Amino acid sequence: VTEFIDLRSDTVTQPTEAMREAIAHAVVGDDGWGEDPTVSELEAAYARIVGKEAALFVPSGVMANQIAIRVLSSPGDQVLTGEHGHVVGFELGASARNSAIQFGLLPDEFGVLRSSDVAAAIDAQRDHHLHVALLCVENTHMFAGGVPMTSAQFDDIADAAGDVAIHLDGARLFNAAVATGETPAALAARASTVMSALSKGLCAPVGSLLAGSSGFIDSARVERKRLGGAMRQAGFLAAAGLVALESMIERLRIDHDRARRLADVVALRFPESNFDPARCRTNIVAFDHSRARELIAQLSERGVHGAVLSPSRARFVTHANLNDHDIDTACQVLREFSWN
Ligand SMILES: Cc1ncc(COP(=O)(O)O)c(C=O)c1O
């Protein structure tokens, strides 16, 4: 029997026993009326962790990004972001549909924007270019391979952005915190708004959190309702989210060590990718390969399931539902890989 080693994404994680227990006993109410104490507790906990005034529990990371863009821009505005950003390539054109903005794309090959590019794009407004309403940054940067951004790097970018608002897609902000040794609040300090996913490496079944000023969150609550994301007895989900924030962050370093093992084998077996395994700092191994689709398909036939990010880019993601044996096996399959 071929094993199913699931390296497609950290979204495949199952809730832990502690989460199932918390879900079963959650105290809930109608969050549409602001009466779910568990949701309120989760929102307050996240706001505290990322150092913002208030937070909002939303069904998904995409919705968190979409709400932030809607609140912080107007139709026809320009939103600057990395050309491989999640908001650009992986949200099915949602920002065009929901907010009617135009993205201004900046180079992000290595995951962190250059402050000179940000400054130049903002300066171009003086020469009849589109008004820049917002800058979106991603930490960790998924497409670049889970690249963490330090607070010093963010400082440079934020200084260049001046008074332009910044939204931080921190779907994997906790991975960045573990990798850099900085607190989530330090990593989000220069962001006007920040979101993080509970349903990826932290193993909660559903949900993301969006934080910012109290005024921003008041507006975000309205947009969440407009998008159909207001939930009722959502405390059942928030209960798992609280367990995620309390007990699932430190163990992310195990995922990072395992990703690095996979990265070393990828670099050895596929030198044509010019992949530097030292760039793998968190739980994502992303590398270029001219036959990415075939490669992922042929590895799947051998029980190792990755994902295709583009026709020439492949990805493996480590997470809590893998064990050392899975990683050993995946490394062996990769090392011994030959084309069909
Ligand atoms: C960087 C980044 N942002 C946002 C999202 C969206 O999260 P969700 O799948 O919860 O909508 C993802 C997840 O795929 C992501 O990787």
Side-chain angles (χ1 to χ4, degrees), residues 6-13 15 42 46 50 55-70 79 81-95 97-98 103 108 110-113 134-149 154 166-177 179 184 187-188 191 193-211 220 223-224 227-229 231 234 237-238 240-241 244 248 252 255 259 281-286 306-310 313-319:
D6 199 347
L7 299 166
R8 291 171 303 167
S9 176
D10 45 9
T11 56
V12 302
T13 44
L42 176 67
Y46 180 68
V50 292
L56 187 69
F57 185 46
V58 295
S60 69
V62 169
M63 191 180 284
N65 285 338
Q66 290 306 311
I67 290 172
I69 292 171
R70 270 174 80 116
V79 175
T81 192
E83 60 188 324
H84 298 102
H86 198 277
V87 288
V88 177
F90 298 90
E91 300 189 5
L92 306 184
S95 301
R97 188 96 180 195
N98 294 323
F103 280 121
D108 63 354
F110 298 111
V112 179
L113 302 181
L134 177 66
L135 169 67
C136 289
V137 295
E138 205 173 296
N139 194 12
T140 64
H141 192 293
M142 187 277 284
F143 193 91
V147 177
M149 174 169 63
F154 200 170
I166 304 179
H167 171 62
L168 170 57
D169 175 343
R172 297 185 182 82
L173 186 67
F174 297 106
N175 295 85
L187 295 176
T193 60
V194 53
M195 78 84 156
S196 299
L198 298 168
S199 57
K200 298 190 168 70
L202 302 188
C203 298
V206 176
S208 284
L209 286 152
L210 175 64
E223 292 302 334
R224 182 183 67 174
L227 290 169
M231 299 180 283
L237 301 174
M248 299 302 286
L252 292 173
D255 300 341
R281 305 264 318 279
T282 63
N283 68 329
I284 299 177
V285 184
V308 181
L309 288 180
S310 81
R313 197 159 173 83
R315 181 183 85 172
F316 302 117
V317 184
T318 55
H319 52 76

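Position 1 is the first residue of the sequence; numbering continues from there. Predicted, not measured: the structure shown is a model, and the values here were computed from it. We count ligands from 1, going down the list as the structure has it; atoms in each ligand are counted the same way.
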Discussion item. Side chain to side chain contact (heavy atoms under 4.5 Å, CB included), that's the test. Do V285 and L7 meet it? Break it down for me.
Written reply: CA-CA 10 Å; V285 184; L7 299 166; over 6 Å; no
Show the atom names and distances, to 0.1 Å, of all donor-acceptor pairs under 3.5 Å that link a side chain in residues 134-146 to residues at least two apart or in another chain.
from: E138; atom 1: OE1; to: H86; atom 2: N; distance (Å): 2.7
from: E138; atom 1: OE2; to: M142; atom 2: N; distance (Å): 2.9
from: N139; atom 1: OD1; to: M149; atom 2: N; distance (Å): 2.7
from: N139; atom 1: ND2; to: M149; atom 2: O; distance (Å): 3.0
from: H141; atom 1: ND1; to: A144; atom 2: N; distance (Å): 3.2
from: H141; atom 1: NE2; to: D108; atom 2: OD2; distance (Å): 2.8

What are the distances between nitrogen or oxygen atoms of ligand 1 and protein nitrogen or oxygen atoms, counting only those under 3.5 Å?
from: ligand 1; atom 1: 3 (N); to: D169; atom 2: OD1; distance (Å): 3.1
from: ligand 1; atom 1: 3 (N); to: D169; atom 2: OD2; distance (Å): 2.6
from: ligand 1; atom 1: 7 (O); to: K200; atom 2: NZ; distance (Å): 2.8
from: ligand 1; atom 1: 10 (O); to: G61; atom 2: N; distance (Å): 2.8
from: ligand 1; atom 1: 11 (O); to: G61; atom 2: N; distance (Å): 3.2
from: ligand 1; atom 1: 11 (O); to: V62; atom 2: N; distance (Å): 2.9
from: ligand 1; atom 1: 14 (O); to: H86; atom 2: NE2; distance (Å): 3.3
from: ligand 1; atom 1: 16 (O); to: R172; atom 2: NH1; distance (Å): 2.9

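Between A188 and V50 the shortest heavy-atom distance is CB-O, 4.0 Å. Between F174 and S196, the shortest heavy-atom contact is CE1-CB, 3.9 Å.
A search for ring-ring contact (aromatic ring centres under 6.0 Å, His included) contacts involving F110 returns nothing, not counting sequence neighbours. Every residue two or more places apart in sequence or in another chain was checked for a salt bridge (Lys or Arg N to Asp or Glu O under 4.0 Å) with R315, and none qualifies.
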